[in-house]
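Below: one structure, written as structure tokens.
Just so it is clear: chains get the letters A, B, ... in the order the sequence lines come, proteins before strands, and each one is counted from 1.
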Amino acid sequence: VIAMLELITAFADDLRKAGLPVSLTESLDAVQALRHTPLADQQAVRCALGATLVKDQAHRAAFDLLFDIYFASRAVAEAGTEVGPASAPFGQVSPRSSRLGTLRDLSCEDLCEVLVKALLKDDCPAIDAIAVEAVTRYSTIQPARPMTDRYYVYRTLRGLDFDALPARLATVARPPTAAGPDPVDQRLAAAEHARRLGYLRGRVEAGVLRRLVAAQGPAAIASTLRKPLPGDVEFLRASPADLEAMQAALEPMTRRLTVRLMRRDRRRGALDSSATMRHSLSYGGVLAEPVFRERRPIKPEIIVLADISGSVAAFVRFTFLLARAISARFSRVRSFVFVDTIEEVTGLLAPDRSIQEMLDRIDRGARTVTVDGHSDYGNVLETFWTRCGREVNHRTTVLIVGDARNNHHLSQAWVVREMSRRARHLFWLNPEPRAHWDTGDSVMAEYAPHCDAVAECRNLRQLEHFVKDQLL
Amino acid sequence: MPDSVTPAGRDRPGPAHRFGSSGEVRAALRRVRYLADEHIASAVYLADRLGKPVLVEGPAGTGKTQLAKSVAELAGARLIRLQCYEGLDESKALYEWNYRKQLLRVQAQRILDEEPGPAAAGWSELESDIFGEEFLLARPLLQAIRAAEPVVLLVDEVDRTDIGTEALLLELLSDYQVSIPELGTITATQIPLVFLTSNGTRELSEALKRRCLYLHMGYPDRAREHEIISARIPGISSQLADQVVAVVHLLRSLDLKKQPSISETIDWAQSLRLLGSGRVSTDQAASTLYVLLKHQSDIDKAASQLSATASR
């Protein structure tokens, strides 16, 4: 029991380090929950700890990773076997090890052949066994070398010729019918294959992780693999997988913001004298109860100027998503994108389009590069000012999104000054950490004095804060 | 006033637990035709064992509310439901004094006083009378606490309330008691199973989350969805169910405005079956997509995805 207690404490500690708000109450609950859980059943333990320690679905991935680190390897240790192919997860040790015996004698080509067959049949135990064997064979983990798990996963998948598998599955699976295959079936088959390959990848990752933990201990691995939560991932450093997680986290966020928008303004407006008179008649002409007008919400127009050069592209994507989510708050949203030339994309951002589609459209349709593809804020601002400067007025909120890295062109900061003078508000969102501003070719300091606020927006959380505090 | 003998709180000794293991919960839920995965079963089981409420979060149409109903059904308990909305307050959630009845009582007293005879009751007696059990209107939360028979309390869409109202729940959820200034503290005689559901439109407070077990209910995996369809639509062919599930899972992987929920999937499978098709073909899928998707742009996108050839 004491060992369990210590394990939970260490586990909760690492969850906190990963950014999860685990309170003392919650770790006590976790221990309580384990008292009612069969400890030999890893899945049951995962459910019990998950229900007591994780209170936000966005934290789930971080929890699962740490759980694998802490408990998957422990199972191996308790089984009393050397960490190796035979150390299968709970329950299925015997059939697995015999299967592995035969797998070990196969050549690399034959192993791939067996794998394709297993994938076609969706034979999970077989896929599991092949994943274990592949990790043994190809990953060649050297505990002394400070390599990340990704490196070993990559090596293993390369050994299995992972990239060629979708094509192989498609050719083998296609039934030899006389009439051409139904497109729906084909599409479904492809999606199904992708799912099975995803499963295989997951098994390989789990296998590599188990090896690493066995070699270096859970605490060390937990610290090397610690990833920020989706809300905290920096836009500029996000990997494709991170972006996907952020996209998932964005959806509840926009929902929260929209709900906030729909809340009625409860503050009352000016006194409505005629309504008050009318109302007084029900009290025999005594002015007993004043009646107030409802406040009419001010609906400003918003103009978004977004730098879409490679360095900040990921960030812009989220800015547009948010701008669209809160567009009900504004009478009109006009969007411009630029690299060294500016182009209006308002028409491309129609509300019934999906996010991805609209970004693709921008990529295809917008002419933002005419010179060399390096951001030129000075030129862009000047062009905007001559073309649309007149449309900036006291009801306009201007939002400039970019890192202000001007590649040593002229900054033309006077445009920002003029714009800010005419506009209702002018905000600048910079996805770089504040410490990097004004280093190298960043000229943030030249623009900053003319803005109502310059916000550092390195991650989703900061972006949400900005929108909540400044725009709503 | 209900007697409060047993101290409420988690890990209270006394009443037999309702379930023996999470596997048992799963089997029992299956009997009432609710196909739970192990996360769901485990959360229900732990809620019973630890005496804690369960906060169920997830997209619309994944069976959050149904879970509470099914648990009530299998436990033979009464379901008490509190539907939350913006502006919900104490008098609607907890209790209210029956003002009209109190007024009548006071007026009746006055009439009695005017009648000759022995002096009627004094004010203090009257006061304790009108703030008694008889004049209390119990709203769902208080009903759940006072119930003598087993109950399941469902607080639906708790994210719609304001933060202030959320605080109302805290005392109830941690100690299973309600304080009424005029009456004192009313403690539950038996710990009800409590489910709170949320669609995640608002971040719930840490205090609330801390008191609850957390269960995220996403869309089911393919095997489970297949089972759900087969259970809900008796007589559907396994092949059709397979294809329906495959299409729906493909659609959920797309970037849609509103993803097809389980109930919509069931409706779609039902309509395909009524149309007499044994399998999903491109035409049929395209012509019935409106059952599954509720935005024209989503329907267009899904149709084009389904007809696109899979040469990848």
Please check if the side chain of B:Tyr45 supplies one atom and the backbone of A:His36 the other of a donor-acceptor pair under 3.5 Å. yes
Using only atom types and a distance under 3.5 Å, with no angle test, would you say the side chain of B:Lys52 pairs donor to acceptor with the backbone of A:Thr52? no
Out of A:Ala33, A:Pro38, A:Gly50, return the one with the most heavy atom pairs under 4.5 angstrom to chain B. A:Ala33
What pairs with B:Glu157 under side-chain contact (heavy atoms from CB on, under 4.5 Å), at least two apart in sequence or on another chain? B:Gln83, B:Asp159, B:Arg160, B:Thr197, B:Asn199
Would you please name every residue forming a side-chain contact (heavy atoms from CB on, under 4.5 Å) with A:Val22, sequence neighbours left out? A:Ala12, A:Leu15, A:Arg16, A:Leu20, A:Glu26, A:Leu53
Would you say [X] and [Y] make side-chain contact, with heavy atoms under 4.5 Å?
{"X": "A:Glu192", "Y": "B:Arg222", "answer": "yes"}
{"X": "B:His216", "Y": "A:Lys55", "answer": "no"}
{"X": "B:Lys209", "Y": "A:Asp56", "answer": "yes"}

So, for B:Leu46 and A:Ala48, which heavy atoms are closest and what is the spacing to 0.1 Å? CD1-CA, 3.6 Å
Supply the atom-to-atom distance [X] [atom1] to [Y] [atom2], rounded to the nearest 0.5 angstrom.
{"X": "B:His39", "Y": "A:Cys47", "atom1": "NE2", "atom2": "SG", "answer": "4.5 Å"}
{"X": "A:Asp29", "Y": "B:Cys212", "atom1": "CG", "atom2": "SG", "answer": "10.5 Å"}
{"X": "B:Leu250", "Y": "A:Arg195", "atom1": "CG", "atom2": "CZ", "answer": "12.5 Å"}

Given the options B:Gln296, B:Glu206, B:Glu38, which has more heavy-atom pairs under 4.5 Å with chain A than any of the others? B:Glu38
Taking side chain as everything from C-beta outward and backbone as N, CA, C, O, which of these in B:Leu213 sits under 4.5 Å from a heavy atom of chain A? Side chain, backbone, both or neither. both
